[in-house]
Amino acid sequence: MTLMGNPLVAVVGSTNLDLVFVSPNLPRPGETVMGGSFNTHPGGKGANQAATIAKIGGNVSFIGCIGKDAYGASLRQSLESVGVQTQFLREDESLPSGTAAILVGEHGSNMIVVAAGSNKSVAADHVRSAIANARPEVVLAQLEIPVEAVMAASEAPFFVLNPAPACDLSDELLSKCNTITPNETETEFLTGVAPVDEDSCRTASCILLEKGIRNIVITLGERGSYWATPKTGKHFAPPSVKAVDTTGAGDAFSGALAWFLAEGREFGNAVPLANCVAALSTTKHGAQSSMPDLVSVKELAGSLY
């Protein structure tokens, strides 16, 4: 493979302050659960993905919106502290910064509620202007911002979409995706097929490929990931780690994949490397704080890197 000198990934997306509650037992509807611990962490799918790229040594610029408040200042500082470029992260005086309530249970399972706040102000014209100025090799977006902003991001020559959280997507948007990275739930939502084994992964992938997407990469949690093109379908098993919190693992995967592709790596190498990054992210609590550094990735990936 030929790796590019200093490529850039532009991440277009959300940034939130995560309010994280850790408890042995997660509550059922109407139930109050005592015990556990509380902490705050910077989060948001877009910011998580940008932080992942920076922490594994990548060159990344974040395009989004924060509120003009203490949370927003903290979120900007957190991104800058790991090396994310924030010149395209603007402030909105009319809305508070985004927040998310995250409940983490035993074995790392989680439940999440998001209040979008200023993420609703990410505008299409701002996205187009930022991409035109940054001139990235790869643009990565998710769905915690207005669809108009995602459509603007999709105009980039190499566009990667992490279709989370799941929602209805137009064929026009899907046709502009070089790569899409749905998890199991999102895959079933988009295709009606639950990706429970390789055959169902291929069936679901074919439905998405018919939309004009060039590469389908389904993330399967502890089962790894599945990559498909019109001619190829391959499952990649993940490395073995001890998971304590799966929050942000999908973001770690999507961010890492976008960076490895920007470097010029082939999918057959980029996907298993992204598996390694996602696996390492589950070994610590939090979202951005759990993203691994390059040394850890190289150690786990071995000859893959």
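What you see below is based on every heavy atom in this structure, not just the backbone, and it leaves out hydrogens, waters and symmetry mates.
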With a 4.5 Å limit on heavy-atom distance, are the side chains of [X] and [Y] in contact?
{"X": "Ser290", "Y": "Asp245", "answer": "no"}
{"X": "Leu208", "Y": "Leu190", "answer": "yes"}
{"X": "Val160", "Y": "Val139", "answer": "no"}
{"X": "Asn110", "Y": "Leu103", "answer": "no"}
{"X": "Pro136", "Y": "Val9", "answer": "no"}
{"X": "Val84", "Y": "Val82", "answer": "yes"}
{"X": "Val150", "Y": "Leu143", "answer": "yes"}

Contacts of [X] that satisfy side-chain hydrogen bond (donor to acceptor under 3.5 Å, both in side chains) - sequence neighbours left out:
{"X": "Arg90", "result": "none"}
{"X": "Asp125", "result": "none"}
{"X": "Glu186", "result": "Asn183"}
{"X": "Ser97", "result": "Asp69"}

Just by distance, do the side chain of [X] and the backbone of [Y] share a donor-acceptor pair under 3.5 Å?
{"X": "Ser23", "Y": "Leu26", "value": "no"}
{"X": "Glu137", "Y": "Leu8", "value": "yes"}
{"X": "Glu148", "Y": "Ala123", "value": "no"}

Under 6.0 Å from the [atom1] atom of [X], do we count more than 12 heavy atoms belonging to anything else shown?
{"X": "Glu172", "atom1": "CD", "value": "no"}
{"X": "Glu222", "atom1": "CD", "value": "no"}
{"X": "Lys176", "atom1": "NZ", "value": "yes"}
{"X": "Phe159", "atom1": "CZ", "value": "yes"}

Return the [atom1] to [atom2] distance between [X] and [Y], rounded to the nearest 0.5 Å.
{"X": "Tyr226", "Y": "Thr187", "atom1": "OH", "atom2": "OG1", "value": "11.5 Å"}
{"X": "Asn133", "Y": "Ser129", "atom1": "CG", "atom2": "OG", "value": "5.0 Å"}
{"X": "Leu261", "Y": "Asn215", "atom1": "CG", "atom2": "CG", "value": "8.0 Å"}
{"X": "Asn275", "Y": "Ser225", "atom1": "CG", "atom2": "OG", "value": "3.5 Å"}

Partners meeting ring pair (Phe, Tyr, Trp, His ring centres under 6.0 Å) with Phe267 (sequence neighbours left out): Trp227

Pairs where residues 233-244 contributes a residue and the test side chain to side chain donor-acceptor pair (under 3.5 Å) is met, not counting sequence neighbours: none

Residue pairs passing the side chain to side chain donor-acceptor pair (under 3.5 Å) test where at least one lies in residues 111-123, sequence neighbours excluded: Asn16-Asn119, Asp92-Ser121

Stepwise side-chain hydrogen bond (donor to acceptor under 3.5 Å, both in side chains) test for Thr181 and Ser254: CA-CA 7 Å; Thr181 60; Ser254 291; 2.9 Å; yes

Listed partners of Glu155 passing salt bridge (charged side-chain N to carboxylate O under 4.0 Å, His left out), at least two apart: Arg128

Identify all side-chain donor-acceptor contacts of residues 196-206 below 3.5 Å with residues at least two apart in sequence or on another chain.
residue : atom : partner : partner atom : Å
Asp197  : OD1  : Asp199  : N            : 3.3
Asp197  : OD1  : Ser200  : N            : 2.8
Asp197  : OD1  : Ser200  : OG           : 2.8
Ser200  : OG   : Ala194  : O            : 3.3
Ser200  : OG   : Val196  : N            : 2.8
Ser200  : OG   : Asp197  : N            : 2.9
Ser200  : OG   : Asp197  : O            : 3.0
Arg202  : NH1  : Thr229  : O            : 3.0
Arg202  : NH1  : Thr232  : O            : 2.8
Arg202  : NH2  : Thr229  : O            : 3.3
Arg202  : NH2  : Pro230  : O            : 3.4
Thr203  : OG1  : Asp199  : O            : 3.0
Ser205  : OG   : Cys201  : O            : 2.7

Shortest non-hydrogen separation from Leu161 to Cys177 and the atoms involved: CB-SG, 3.8 Å

Shortest non-hydrogen separation from Tyr305 to Lys298 and the atoms involved: CE2-CE, 3.4 Å

Qualifying salt bridge (Lys or Arg N to Asp or Glu O under 4.0 Å) pairs, either residue in residues 273-284, two or more places apart: none

side-chain contact (heavy atoms from CB on, under 4.5 Å), paired with Arg214, selected from Ile180, Leu209, Asn178, Thr179: Asn178

Distance-only donor-acceptor pairs under 3.5 Å for side chains of residues 49-66, two or more places apart:
residue : atom : partner : partner atom : Å
Gln49   : OE1  : Gln142  : NE2          : 2.9
Gln49   : NE2  : Asn162  : OD1          : 3.1
Gln49   : NE2  : Asp251  : OD1          : 3.2
Thr52   : OG1  : Asn48   : O            : 2.9
Lys55   : NZ   : Gln288  : O            : 3.2
Lys55   : NZ   : Met291  : O            : 2.9
Asn59   : OD1  : Gln85   : NE2          : 2.7
Asn59   : ND2  : Pro7    : O            : 3.2

For residues 29-42, which side-chain donor-acceptor pairs fall under 3.5 Å, sequence neighbours excluded?
residue : atom : partner : partner atom : Å
Glu31   : OE1  : Arg28   : N            : 2.9
Glu31   : OE1  : Arg28   : NE           : 3.3

